[in-house]
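Beneath this line is the structure, given in structure tokens, with notes to follow.
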Amino acid sequence: MPWPQELRMLKKVRHHCRIEYWLAGLLFAGAAAMLIYALLTFLAAPFSWLLPWRLPAALMTAGAGVAAIWRTLPGDVEIARRLDRDLASQERVQTLVENSGGQGVILQELRRETKTFFSRRQPKYRLDKKRFIPPALLTGAAAVILILSIVFTPRLAQSLALRQELLEQQQEAAEKIEEIIQLLPENPLGEELAAELEALKEEALRLTEPSEFETLLRETLELLEAGGEQAEAVESALAELLASMEMSPEELAQAAADPEFAEQLAEALNNLAQALPQNISLAETLGKLAENPSAADAGQWQQVQEQLAGLDPAAFRESLSKAAQAAGLTGNRPGGQGSGSGNSEPGSGEGQGSGNGEGQGSGNGEGQGSGNGEGQGPGNGQGQGSGSGQGQGGQGSGQGQGAGAGTGSAVPSPSQYVYIPGEGEVILAGKGEAGEYTLRELLPNNPGLVDDYADFFSGYRRQALSTLGRSQIPRPLADYVRSYFEAIAPQGGK
Amino acid sequence: MDLQLIDKLGRVKEEIGRAMVGQQEVVDLTLTALLAGGHVLLEGVPGLGKTLLARTLAQVLDISYNRIQFTPDLMPSDITGTNLIRAGRDEFEFHPGPVFASLVLADEINRATPKTQSALLESMQEGRVTVFGETHDLPRPFFVIATQNPLEMEGTYPLPEAQLDRFLFKVLVPYPSLEELREIVTLTTGTSQVEIQPLMTGPEILAVNRLAREVPVAEKVLEYALKILVATHPGNALATPGVRQYVQVGASPRGIQSIILSARVTALLAGRFNVSFADIEKVSLPALRHRLFLNFEAQGSGISPDAIIAEILAGTERG
């Protein structure tokens, strides 16, 4: 319906009211557009394909908002009601607008009287502040959310990428170890090794720091190497024993009656029993036989011979080598021990270090090793080494040596492999005039004290991390334990 | 010209004010009801000027006036009239009762028996009287001002709810203020007499009534009035907590008719030609207070219909 002619003096105020509705509506539309932009920015962290759609989506939202404003723009009657409220005109305006086409004495009088009413008081536009409070608050909140999304989404994306990378690393490490387990032959020598590898695989799925994977794979390789060394020892002891037992069980029972032969046999039996993993029954059987070989009858010797035939340390060693090679662990041993010299003043100076990287490869071919050495002491030192090694065929082991130069502010020394908590010192009691020494004083001149540290560390760490996985320990405390083991790792924790 | 009548309305109020000291709201509401074609129930203690108001109204409006004092032995025929045999003629002739006046003051209406009350109330509703099967139209305009005394309950017959609904307004007549009392004493105990001038006629009152029905009501104003009415219904979503707790029966559709019609007249009396929210608010209380029937809990707690309506007005959103 047209705006009544009698109310033309209110047209300006009506125009201002319309602008006010538009502005409030535009604030809503802007807020909606910002929220859509922020939402898509957040979602783009995991779904990066959404990034280019942010602006078009925000513009479309704003467009939809403008269309919605246009559709819901108040009509003349609604504006008339607003004017009646603002101008205290006792509902004259809305009554007149609603009856703008009507005829009759009373309506004519209403028009005349309304005109007179507004001629006596100048209609003034009053901004409806309450109308702007909700859209202003919403727009402010949307702006804050938008800023937060722009600031924090890259970090979120980075965090998600790191998380994904971590998961992939976990999976990759677990798969490598699983591959090794699958390739292990059914051999009494491998039972304990398989159990340890299984524990390492489970640990791999629980690791949270990328740096820990390197340590884990190194431990895996060390396990394989240790298995290989044990197999080599078994092979040697087995060869010695078999050389003594090259006869039938009956002849062996008779020969064992000879004290000299019995002593030789007992020693060979003992050697093999010591070389074998202690958890297999053959080790116990051999140990008992070694106590009194002359007491064993032909049946016992036959049984032992059958069991010994089941041992095939050479094949086991070879399968270990193949498993390590198949899992990509051979010839690329991540890190050797490095030593360097430099300025030991804490926090300053530069030193040069040379590191020897030693890698053992199994199988044939050439291996290359690179070593990183890092030391911790009063200062921090870091050494880098690279080396190349050549594997020896047949036996499937190789050695590589590398030399590298490093820079650092401290000397990575054997003493730094030892964790000395806080500012304290580990006091060792000396003998005679030597008195007391601190561990820190003792280590530089007695590097042999920590020769077995690497082996000890590996088991210690594995046990601890395995316990962490089984227990309900708060995440920060679990991280603390992991950082502890990184700190006391033989090569500076890496 | 009808519009000239509107100018007269202001003068009518002034003229009544010459005889009636104070009681401005009572005068306004009574005049509003009269112009709207409705009847008024005045409630107040004796001596507050109810009779004076009725008589003055009749004088100013120049309409016939009768006063009926309701008593327990009053018969319906005493109000409506009866058939009498005229001397020398062998036939009945209808002798009209006091109800045959344009303005009837039914004084202390609750003292008569329900049978007699209903005789008057039927006249109020129908605008005519039937005696011995013969219908007699009452004069137009026909306007009843009924009074009742709130204090004396002995030997009274309170008006039933259905009959109360026939009244457009129930107006409470308050005590005059100190200043008003001073003026009353001066006016009534001296030698001067107030001469009331007739300013309108019966046909003019009917014309104003027709004119008032043309006063437009904006959609939102009507919606406001409707909200107020339905808020008196205990089961309605708009009902206030007071209504839900204390009201037994809410206002009937006659309530909204009374509100709108009297609001239109109120606008005219104010010199406006549209109904405002304020007009609706002004007439809601007298139009609804006798249409709400409260439960025992309300009576026990001393809750009045006025308090309930005030709560409704405060809680009903305009527009």
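Residue A:L107 touches chain B through its side chain alone, counting heavy-atom pairs closer than 4.5 Å. For A:R112, the part lying under 4.5 angstrom from a heavy atom of chain B is the side chain only. Contact of A:E113 with chain B is made through the side chain alone, with heavy-atom distances under 4.5 Å. For A:R92, the parts lying under 4.5 angstrom from a heavy atom of chain B are both the backbone and the side chain.
The number of heavy atoms from other shown groups lying within 6.0 Å of CZ (B:R140) does not exceed 12. Within 6.0 Å of atom CD in A:Q158, 12 or fewer heavy atoms from other residues, nucleotides or ligands are found, so the atom counts as exposed in its surroundings. Within 6.0 Å of atom CD in B:Q125, more than 12 heavy atoms from other residues, nucleotides or ligands are found, so the atom counts as buried in its surroundings. The number of heavy-atom neighbours closer than 6.0 Å to NZ of A:K12, taken from other residues, nucleotides and ligands shown, is 12 or below. Atom CZ of A:R163 sits in a sparse spot, with 12 or fewer heavy atoms from other residues, nucleotides or ligands closer than 6.0 Å. No more than 12 heavy atoms of other residues, nucleotides or ligands lie within 6.0 Å of NE2 in A:H15, so this atom counts as exposed by the packing criterion.
Note that CD of B:E219 is 5.5 Å distant from CZ of A:R81, once rounded to the nearest 0.5 Å. Note that the CZ atom of B:R272 and the CG atom of A:L110 stand 10.0 Å from one another [nearest 0.5 Å]. Here the CG-CD distance, from B:D279 to A:Q90, works out to 7.0 Å after rounding to the nearest 0.5 Å. With values rounded to the nearest 0.5 angstrom, A:R85 atom CZ is found 11.0 Å from B:R318 atom CZ. For the atom pair CZ of B:R213 and CD1 of A:I106, the computed distance is 13.0 Å after rounding to the nearest 0.5 Å.
Under the 3.5 Å distance criterion, the side-chain polar atoms of A:E91 are matched with a main-chain donor or acceptor of B:F277.
For the side chain to side chain contact (heavy atoms under 4.5 Å, CB included) with A:T95, the lone residue among B:N274, B:V221, B:V217 that qualifies is B:N274.
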